[in-house]
Number of protein chains: 2
Amino acid sequence: MRRDEATRRPARKPKHAYHHGDLRQALVQQALVTIQEHGVEALTLRQTGERLRVSRTALYRHFADKQALLAAVATEGFALFERALAEAWGDAAVPASRERFYRVGRAYVDFARRHPSHYRVMFGRFVDNVAADPALAGSADRAFGVLVTALEALQGVGLVRRHASPELAVSVWACTHGLAMLFIDGQLSRPDLDAEAMVLATLDRVWDFLTPR
Amino acid sequence: MRRDEATRRPARKPKHAYHHGDLRQALVQQALVTIQEHGVEALTLRQTGERLRVSRTALYRHFADKQALLAAVATEGFALFERALAEAWGDAAVPASRERFYRVGRAYVDFARRHPSHYRVMFGRFVDNVAADPALAGSADRAFGVLVTALEALQGVGLVRRHASPELAVSVWACTHGLAMLFIDGQLSRPDLDAEAMVLATLDRVWDFLTPR
DNA sequence: ACCTGAACACCGTTCAAGT
DNA sequence: ACCTGAACACCGTTCAAGT
């Protein structure tokens, strides 16, 4: 279905119309949709442009290359992640509690399950040099900041032991991340598995990690 | 650097020599080397053939497509995985013990760290329809069989509680898998993190999971 | 059976050129 | 500034043809 150069151009589609509004944001959204529908490996810059009725190379005005587009997707993902975690943790004025911690843990896994494309781009090997992209590094730091804040508040009320080693923190992250990955890789979608129970079982273990002994 | 058709062909390289020996196995090995050096996304069939001094399409005599080649890499990975786990668990005649379980856990994470390319292909989204490839499904089942055998032996001597729910087993897997993934994604290579301590901290938690209460 | 080159329909990226 | 098409050096895969 190629443009016929003999055709009268339709009134509403002037030949050299620039893209309406924020092309950059439109590209990020379109990329995300493609990833959601067909996976990261199916993402092509040419198709992304085409779907937005824009030339194949228009994208390079906004992104250095494909990596940079993926980095933008990841950055947006971390922003959403931060909001989801912060919402789950709730008001800083409310006293920290085990229940609030569980809400954050649940929100972590829920985010991965509801935004698998974002999560995969955020934590997969698709974005290589996180350090090289300040926007990406910043959004990732802010998201993890919510977790740090929550843990510090729990330490403040004595529910989480102080001086937790970084190795312990990594173990906590590993359990949550691993569960999230198994979920979005479809390896837990067997009828005999209760998703809620798996999340709870894991969070119970994570809580034990953190509790003073 | 293209072949010059005017050049005398070297004596040791007859024009239509077939590939020496097992081309299929050579392709799998070459693919693995490329993945190790430059990642899965850098794997191309054309280059793989070229490096083996074989035409671009010779590969299709042995594999239906790129997926099938990756499936073969994964299959080989599961075979190595099985051997590593079985070796760590050791002789079936020796009574099951917490120490032997820890050896298996360590072997799991060690395998991922020492064969990150294999592990990524085995558990990443690169191999889509595991069920469609009987060889792959079989090798995966045999590898997990070692874990099942170990757990049953531990149940036999009363160290692991019986009737452990599948959700519990998933939590155990999630923690180990998550730690492995964080390792091979390079997210734990900070100087302040002690790899051994992280593995131990996680295995301690996993053991608590399994212990009767 | 196993291997080959030519061909097809794609990629990411660069570049000179247009408004 | 922002967008464009043409061009370059790549892909995976198919196919008719060779031994």
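Letters go in sequence order (proteins before strands), and every chain restarts at 1.
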Nearest to the side chain of Arg46(B), heavy atoms from C-beta on, is which of dA7(C), dT4(D), dG12(C)?
dA7(C)

Of the listed nucleotides (dA7(D), dT4(C), dT4(D)), which one gets closest to any side-chain atom of Ser55(B)?
dT4(C)

Less than 3.5 Å apart, any donor N or O on the side chain of Glu76(B) or Gln29(B) sitting next to an acceptor on the other?
yes

Nearest-nucleotide check on DNA chain C, Gln47(A) vs Thr57(A); residue mapping nearer the 5' end is Gln47(A)

Please work out which of the three classes, parallel, tilted or perpendicular, describes the rings of Phe78(A) and Phe144(A), given edges at 30° and 60°.
tilted

What integer distance in Å separates Lys66(B):NZ from dT14(D):C1'?
17 Å

In whole angstrom, what separates Glu41(B)'s CD from dG12(C)'s P?
14 Å

If we ignore hydrogens and angles and just use 3.5 Å, is the side chain of Arg100(A) paired with the main-chain N or O of Val94(A) as donor and acceptor?
yes

Need one value for Gln67(A): base, sugar-phosphate or nothing, where a base atom within 4.0 Å counts as base even if backbone is also close, heavy atoms only.
nothing

Which label fits Tyr108(A) and Tyr119(A): parallel for a plane angle under 30°, tilted from 30 to 60°, or perpendicular past 60°?
perpendicular

Below the 4.0 Å mark, does dC3(D) have OP1 or OP2 next to a side-chain nitrogen or oxygen of His62(A)?
yes

Rounded to whole angstrom units, what separation is found between the NE2 atom of His38(B) and the C1' atom of dC10(D)?
16 Å

Which whole-number value in Å describes the distance from Leu23(B) CG to dC3(C) P?
5 Å

To the nearest angstrom, the CD-P distance between Glu50(A) and dA9(C) comes to 15 Å

Nucleotide dT14(C), atom P - distance to CZ of Phe63(A) in whole Å
16 Å

With under 30° as parallel and over 60° as perpendicular, where do the rings of Phe81(B) and Phe111(B) fit, or are they tilted in between?
tilted

According to the Watson-Crick and G-U wobble definition with distances under 3.5 Å, which dot-bracket string, read 5' to 3', encodes DNA chain D, using [ ] for crossing pairs and | for pairs with another strand?
||.|||||...|||||.||

May I ask you to say what Leu69(A) touches in the nucleic acid, namely base, sugar-phosphate or nothing, with a heavy-atom cut-off under 4.0 Å?
nothing

Hey, are Asp204(A) and Tyr102(A) close enough side-chain-wise for a donor-acceptor pair under 3.5 Å?
yes

Starting at CG of Asp65(A) and ending at P of dC11(C), how long is that distance when rounded to a whole Å?
17 Å

Rounded to whole Å, the CZ-P distance (Arg61(B) to dT4(C)) equals 12 Å

Asp192(B): partners by salt bridge (charged side-chain N to carboxylate O under 4.0 Å, His left out), with sequence neighbours left out
Arg190(B)

